[in-house]
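Okay, structure first, notes after.
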Protein chains: 2
Amino acid sequence: MSKELTEKAKLLVNSARELFFKHGIKRVSIEEICQKANVSKMTFYNYFKDKDELAIHIADIILDAELNNLMENDAKPIHFEEKIRNHMLWSYQIYNESGNEFFSEALDADESTVFGKHVKEKTLEVFKFSKNMILKAQKKGEVKPGLKIELIMFLGDMTKKIMANPEIQKLYPDKIQMFKDICNIFYYGIINSEGDKPF
Amino acid sequence: MSKELTEKAKLLVNSARELFFKHGIKRVSIEEICQKANVSKMTFYNYFKDKDELAIHIADIILDAELNNLMENDAKPIHFEEKIRNHMLWSYQIYNESGNEFFSEALDADESTVFGKHVKEKTLEVFKFSKNMILKAQKKGEVKPGLKIELIMFLGDMTKKIMANPEIQKLYPDKIQMFKDICNIFYYGIINSEGDKPF
DNA sequence: TACCAACCTTACGAAAATAGTATAAATAGA
DNA sequence: TCTATTTATACTATTTTCGTAAGGTTGGTA
């Protein structure tokens, strides 16, 4: 897939992204992607080896954008709390534009598959950057001192999984509220607010 | 499917309802339904001829409940506007409990298929009752006089289709707002409010 | 005990959907 | 015109799904 993407290829990517987000990867066929994009199947195989490669490409676009957004926010001269709030908002808009089947699947993806392995690796990059960001914030006193970064990272990963969990989603007819609640527990629970004494 | 439903069969119905609502009928396999319900495939075929029969059964449950809810509200000594508001609320809760793929599909279902034909017929019953309800309301002066019931019914049908249209849904990140807007146009636009003069 | 109904597992062949390829023709821009 | 891109069609291979058969397990009941 090292080729430059033409108009037709972009149509395929967009069509696939919409379908994957809505239905998940395994429930969408290549022909369906082509039909939605009004592109012939041969053109699909001209640009992508198979469905997995296309899915990886889409995951990359999104995860790259996520990393980029994290970096942008981190570069701003604002409090950690605001950086996170900004990024939360951004994430919400991207991941919820039409369902979240794609990443529910991606996060649970079997690591033995090509797709699963790739997503895990890519996610790790974002993970590392976040970790560093939190570390810096902790040093500046914006995050509770003494908390292990590894623990915070683990909880951050859990946060995503919790949000993708159907049982949790059932509890919230309003997805935005769910998002806020879970993020609040994670982020604002670790903020070093003035009156707090270390536990 | 005239058999009484046992516990296992109910598990199948519930599991299928969830999956159908979320992914639509065609994207869900019988085995998947069985797995989710923790019921063997043979038991499935013991109660249902095929996926269509199960889908019809589920559609019946919901459409019967809808008709029932309409009747209940109609029996109350309240203004037409409130009857409709109650029913709207009920409908919203049912149809949006986890996506609406099932009825998007059902409403567009090919009439040549067994499923499509059945759903159309069943919908017609609800349709007839609504028609009568509107007619009564019109006679009582609660709906604008002069409006053809057939036109109102047609618009009512359109309303459902509009709500199921992906393009329209895209316009509304907030589905509740979409629902309100569309229903308001349909229902409250036809209400005989005090100051209005007949057009 | 013997029996029965509901359900299970395993296995299987048939049918349908999907994947992926080959070929030749159409299109559109340099 | 030459070239690159895209398309349509047609085909085979693979995978998924369907639907059935056979035999075993469980738990309640006469």
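These numbers come from the heavy atoms of this one structure, side chains and all, not from hydrogens, waters or symmetry mates.
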query: What residues form a side-chain hydrogen bond (donor to acceptor under 3.5 Å, both in side chains) with B:N14, not counting sequence neighbours?
result: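 Residues passing side-chain hydrogen bond (donor to acceptor under 3.5 Å, both in side chains) with B:N14: none at all.
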message: Under the rule for side-chain hydrogen bond (donor to acceptor under 3.5 Å, both in side chains), what residues qualify as partners of B:N69, not counting sequence neighbours?
response: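 Listed in chain order: B:N73, B:H87.
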Counterpart residues, salt bridge (Lys or Arg N to Asp or Glu O under 4.0 Å), relative to [X] (two or more places apart):
{"X": "A:E121", "answer": "none"}
{"X": "B:K83", "answer": "B:D74"}
{"X": "B:D64", "answer": "B:K122"}

message: Check the orientation of B:H57 and B:F48. Use parallel for under 30°, tilted for 30 to 60°, and perpendicular for over 60°.
response: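 B:H57 and B:F48: tilted rings.
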message: So A:D52, base contact, sugar-phosphate only, or nothing? Heavy-atom distance under 4.0 Å.
response: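 Nothing, no nucleic acid heavy atom in range.
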query: Under 4.0 angstrom, heavy atoms only, what part of the nucleic acid is B:T43 near: base, sugar-phosphate, or nothing?
result: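 If one applies the 4.0 Å heavy-atom cut-off, B:T43 turns out to touch the sugar-phosphate alone, with no base involved.
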Under 3.5 Å, which N/O atoms of the protein pair with N/O atoms of nucleotides 11-21 of chain C?
from: C:dA19; atom 1: OP2; to: A:I30; atom 2: N; distance (Å): 2.9
from: C:dG20; atom 1: OP2; to: A:Y45; atom 2: OH; distance (Å): 3.4
from: C:dG20; atom 1: N7; to: A:K41; atom 2: NZ; distance (Å): 3.0
from: C:dG20; atom 1: O6; to: A:K41; atom 2: NZ; distance (Å): 2.8

query: Rounded to whole angstrom units, what separation is found between the NZ atom of B:K10 and the P atom of C:dA6?
result: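 So the NZ-P distance, B:K10 to C:dA6, works out to 14 Å.
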message: Which residues pass the side chain to side chain contact (heavy atoms under 4.5 Å, CB included) test with A:E82, not counting sequence neighbours?
response: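 Here the qualifying residues are A:I78, A:R85, A:N86.
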Side chain to side chain contact (heavy atoms under 4.5 Å, CB included) partners for B:K10, two or more places apart: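 Per chain and number, B:K10 pairs via side chain to side chain contact (heavy atoms under 4.5 Å, CB included) with B:L5, B:E7.
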message: Students should find this one: the first and last nucleotides of DNA chain D, 5' to 3', lying under 4.0 Å from a heavy atom of chain A. What are they?
response: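 On DNA chain D, the outermost contacted nucleotides are D:dT6 to D:dA8.
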